[in-house]
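Scroll down for the structure; my scribbles are underneath it.
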Amino acid sequence: MIWVRDPVSALDGIYKYSKAVALAWILSLFIREQRELLTLLSMFVVVGVMGAIISIYGITVLGLREGGAALFNNTNANAFFFLFSQPFAYALMRGTSKRWLRLGLIGVVALLVVGILATGSRSAMIAAVVLWVAVLLRDRKSFAIYIVAALGVVCLAVAIPYMQKNVEHIQDLEQIGQKHITERSLAGRRALLVNGIKAFMERPILGYGLQNGRFRVAELMFRQPAGSVDREWLIRHTIGGHGDLHNTYLTVAVDLGTAGIVLFLAICFKSIRRAQFLSRNVASADPYVASVIRYLPMALLGIFTVILFGAQHQRPLLWIGIVLPLVLENVLAFENTTGSTVDIAEDRKGMRQIVSNSQQGCVGIRG
């Protein structure tokens with residue numbers, strides 16, 4: 001607050017960050033039971049399906065550009081939600097023994113893929129490719145992944161004729177390697193990247209303060225005098241007046257400097273590392289929980305890929321994804337401590353308790 005140009009913007013940033021992080025933190029504290037975790041993930045899948053249907057309807061029936069608005073008045077935010085929901089729909093599909101539910105969830109995964117296409121978000125499309133390549137490598141010996149992939153391809157083939165503008169939008173990606181970019185959004189994003197890096201290099205230690213780095217980036221992009229860009233200027237010269245840098249990592253670096261981006265990267269690294277540890281070393285007697293454990297690293301990989309191309313750092317959904325490994329540890333610990341026979345052994349190096357249930361044949365982590 002001492003060094004920021006616009007304290008009101010900084011206070012607004014503190015509020016948005018606090019709201020997003022606090023919700024995720026509360027969930028990480030209070031979700032303990034398997035049914036609570038599955039209810040949360042099922043809710044994401046159901047809402048994602050509703051949003052995808054709205055987006056597809058908007059572009060195919062109403063003729064809205066890039067699907068119009070669905071869950072949010074922002075196509076990239078809609079696409080982020082659809083991408084977030086996909087791996088959990090797949091995990092629930094792999095965990096269920098009910099045939100009708102499995103078939104329905106296979107269709108849900110394909111629908112969410114088409115929903116991303118309807119939004120026209122190229123960043124979510126790239127992240128979806130990364131996500132499903134990772135899942136394919138994990139499940140390459142399973143027939144289920146090939147069924148999902150085949151259905152997804154069929155649904156995309158059917159949807160593409162109704163979304164020709166979005167397909168042309170994707171084709172413009174070939175300009176990325178060219179010296180001159182004619183496609184407006186690509187040119188803008190490259191300019192944001194270049195000038196965002198310049199702004200970061202000017203104040204690499206502490207940055208410009210929450211939601212204040214965008215002012216300096218706009219000055220560099222539009223060649224305005226230092227200190228001349230404010231919120232009113234952004235409202236007049238940018239869509240929505242936000243000055244979105246379209247890159248979560250770059251936004252954090254410009255706003256909070258080296259200290260902020262190092263902390264954020266450490267949080268992301270710790271999250272995906274815990275997810276990988278659980279996936280490799282921990283089993284659950286519940287098939288749904290076991291399936292979520294198995295695919296959580298791929299889900300986080302997709303999330304951390306898509307935020308390379310979109311500013312999602314103030315959205316609760318991102319932070320909920322980040323704390324999901326902690327939620328899973330809570331569920332595993334609760335699952336095992338409610339068993340009739342519990343054996344506990346200390347892991348002195350990690351200062352955690354490895355909890356095993358001899359009756360259910362499962363292992364969890366507590367601490």
Side-chain angles (χ1 to χ4, degrees), residues 41-42 44-53 55-56 59-60 67 78-164 166-171 173-174 272 275-276 279-280 287-288 290-306 308-309 321 324:
L41 298 182
S42 299
F44 288 139
V45 172
V46 170
V47 176
V49 168
M50 294 171 60
I53 291 173
S55 288
I56 295 169
I59 195 171
T60 58
N78 290 324
F80 179 70
F81 199 108
F82 303 158
L83 178 79
F84 184 94
S85 304
Q86 280 185 21
F88 300 117
Y90 181 78
L92 294 175
M93 183 273 292
R94 294 303 307 271
T96 185
S97 59
K98 300 176 181 178
R99 184 177 180 184
W100 65 269
L101 183 56
R102 178 173 296 180
L103 293 175
L105 287 169
I106 290 175
V108 164
V109 173
L111 179 67
L112 292 170
V113 171
V114 177
I116 289 178
L117 178 64
T119 65
S121 173
R122 291 171 293 195
S123 58
M125 296 176 197
I126 293 172
V129 171
V130 172
L131 166 66
W132 290 110
V133 167
V135 175
L136 180 61
L137 291 175
R138 183 64 187 268
D139 278 3
R140 58 186 179 275
K141 297 181 179 180
S142 171
F143 188 61
I145 184 62
Y146 298 103
I147 295 176
V148 172
L151 183 60
V153 170
V154 170
C155 289
L156 285 175
V158 173
I160 282 174
Y162 299 95
M163 305 179 184
Q164 189 58 41
N166 288 4
V167 175
E168 294 172 358
H169 197 55
I170 300 170
Q171 292 172 347
L173 285 172
E174 64 182 4
I272 201 165
Q276 289 177 330
S279 180
R280 293 173 181 172
Y288 286 109
S291 188
V292 173
I293 291 172
R294 178 178 177 86
Y295 300 108
L296 183 58
M298 282 71 81
L300 291 176
L301 178 63
I303 291 170
F304 295 149
T305 299
V306 75
L308 271 170
F309 313 100
L324 273 177

Gap between atom [atom2] of [Y] and atom [atom1] of [X] - 0.5 Å precision:
| X | Y | atom1 | atom2 | value |
| --- | --- | --- | --- | --- |
| Phe80 | Leu83 | CZ | CG | 7.5 Å |
| Ile147 | Phe143 | CD1 | CZ | 4.0 Å |
| Ser55 | Asn78 | OG | CG | 5.0 Å |
| Met298 | Ile272 | CE | CD1 | 10.0 Å |
| Tyr90 | Ile145 | OH | CD1 | 4.0 Å |
| Gln86 | Phe81 | CD | CZ | 12.0 Å |

Considering only heavy atoms from C-beta outward, does the side chain of [X] approach that of [Y] to under 4.5 Å?
| X | Y | answer |
| --- | --- | --- |
| Val108 | Leu112 | yes |
| Met93 | Val148 | yes |
| Met125 | Phe309 | no |
| Ser42 | Leu92 | yes |
| Cys155 | Val113 | no |
| Leu131 | Thr305 | no |
| Leu117 | Ile160 | yes |

Considering residues at least two apart in sequence or located in another chain, which fulfil the ring-ring contact (aromatic ring centres under 6.0 Å, His included) criterion with Tyr288? none
To check you understand the geometry: which heavy-atom pair defines the closest contact between [X] and [Y], and what is its length?
| X | Y | result |
| --- | --- | --- |
| Gly115 | Ala52 | CA-CB, 4.1 Å |
| Leu151 | Ala110 | CG-CB, 3.9 Å |
| Ile303 | Gly321 | CD1-CA, 4.5 Å |
| Ala118 | Ile59 | O-CD1, 3.9 Å |
| Ile116 | Ala79 | CG1-O, 4.2 Å |

Is the side chain of Thr60 donor-acceptor paired with the backbone N or O of Ile56 at a distance under 3.5 Å, no angle test? yes
Has the side chain of Ser291 got a donor or acceptor atom that lies under 3.5 Å from a matching backbone atom of Ala91? yes
Please report the C-alpha distance between Val306 and Phe84 in whole Å, then the side-chain angles of each, then the deciding distance to 0.1 Å, and finally whether the side chain to side chain contact (heavy atoms under 4.5 Å, CB included) criterion is met. CA-CA 10 Å; Val306 75; Phe84 184 94; over 6 Å; no
Set of salt bridge (charged side-chain N to carboxylate O under 4.0 Å, His left out) partners for Arg102, sequence neighbours left out: none
Decide whether Tyr295 and Asp139 meet the rule of one side-chain donor and one side-chain acceptor closer than 3.5 Å. yes
Does either side chain, that of Ser123 or that of Ser121, offer a donor lying less than 3.5 Å from an acceptor on the other one?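 Yes, Ser121 and Ser123 have a side-chain donor paired with an acceptor closer than 3.5 Å.
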How far apart are the C-alpha atoms of Leu296 and Leu300, what are their side-chain angles, what is the distance that settles it, and do they pass the side chain to side chain contact (heavy atoms under 4.5 Å, CB included) test? CA-CA 6 Å; Leu296 183 58; Leu300 291 176; 4.2 Å; yes
Aromatic contact between Phe88 and Phe44, with the criterion being ring centroids under 6.0 Å apart: yes or no? no
For Ser142, check side chain to side chain donor-acceptor pair (under 3.5 Å) against everything at least two apart and list the hits.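 For Ser142, the residues satisfying side chain to side chain donor-acceptor pair (under 3.5 Å) (neighbours in sequence not counted) are Arg94.
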